[in-house]
Amino acid sequence: MPDIVPPPEPTSDAGDAAAPGLSLIRSEADLAALPASERIRYRLVGADCRFHANDNISDYVRPGETEELKAEVAQHMQAVLRALVIDTDSDHNTQETAQRVAKMFVDEVFRGRYQAMPAVTEFPNVTRLNELMIVGPIAVRSACSHHMCPILGRIWIGVLPNEHSNLIGLSKYSRIVDWIMSRPQIQEEAVTMLANVLQERVKPDGLAIVMEADHFCMQWRGVKDLESAMTNSVMRGAFLKNPHLRREFLSLLSKKTA
Ligand SMILES: [Zn+2]
């Protein structure tokens, strides 16, 4: 495992007095010597690309680098266990915990940050469907960005297509939901992100999303309120303008929930 190099300080260590943006440039050899997380961060900063917890950064991760990321995360998780004064040498339960947590973060629960969007085939709306379509409930498995505690819930999606809409297969809605939720999230931002992706793909006249979820940071810690579920909705286009359509969606949804 490579030693951890201190984070680069892009503005102060470039030496060459070039234009401000160019002060970031390093040679490929310099970059290769950095931990993968620093290389990826370097590319993101260079491209002026946001990398918040719930952003997908797959365009900046090269093949093989997620393996390096896992090794780095494992190394730091080991330091966290040490800081928690857990004797991982003699406690057989925690001997592989750092590696397990690293794998869980990178390959599983936060993979929606590192993997590209699942391939989604779109079909032109040849039969000109223009009826309200509801997909759900779709299982939501996420984690809150504040505490990294699980968020478990359900989501319903209402689509009012028009003749120009692209239709996507029902199972693809679940895959897109999973891709967006497999990141540290904030529920309000998650539903907005999902709405943006679906709006762009499907181009419907109306789009409605309702998400209802349990936040384990409210149950496991903090107020320890076991009953607190959070519900968020996004209504766009026809769902915003037409109260009848909105009512139809919500009433069908409550029947499905019952
Ligand atoms: Zn939280």
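Note that these values count all heavy atoms, side chains included, but never hydrogens, waters or copies made by symmetry. Atoms within each ligand, like the ligands themselves, are counted from 1 in listed order.
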Trainee: Answer yes if the side chains of Gln187 and His215 hold a donor-acceptor pair under 3.5 Å, and no otherwise.
Mentor: yes
Trainee: With a cut-off of 2.8 Å, does Cys144 place any N/O/S atom under that distance from the Zn ion (ligand 1)?
Mentor: yes
Trainee: Quick one: sort the Phe249 and Phe239 rings into parallel, tilted or perpendicular, breaks at 30° and 60°.
Mentor: perpendicular
Trainee: Has His146 got an N/O/S atom less than 2.8 Å from the Zn ion (ligand 1)?
Mentor: no
Trainee: Would you indicate whether the side-chain heavy atoms of Leu31 and Leu34 approach each other to under 4.5 Å?
Mentor: yes
Trainee: Could you verify whether a donor N or O on one side chain and an acceptor N or O on the other, from Gln185 and Asn54, lie under 3.5 Å apart?
Mentor: yes
Trainee: Taking the Zn ion (ligand 1) as the reference point, name the nearest N/O/S atom of His147.
Mentor: ND1
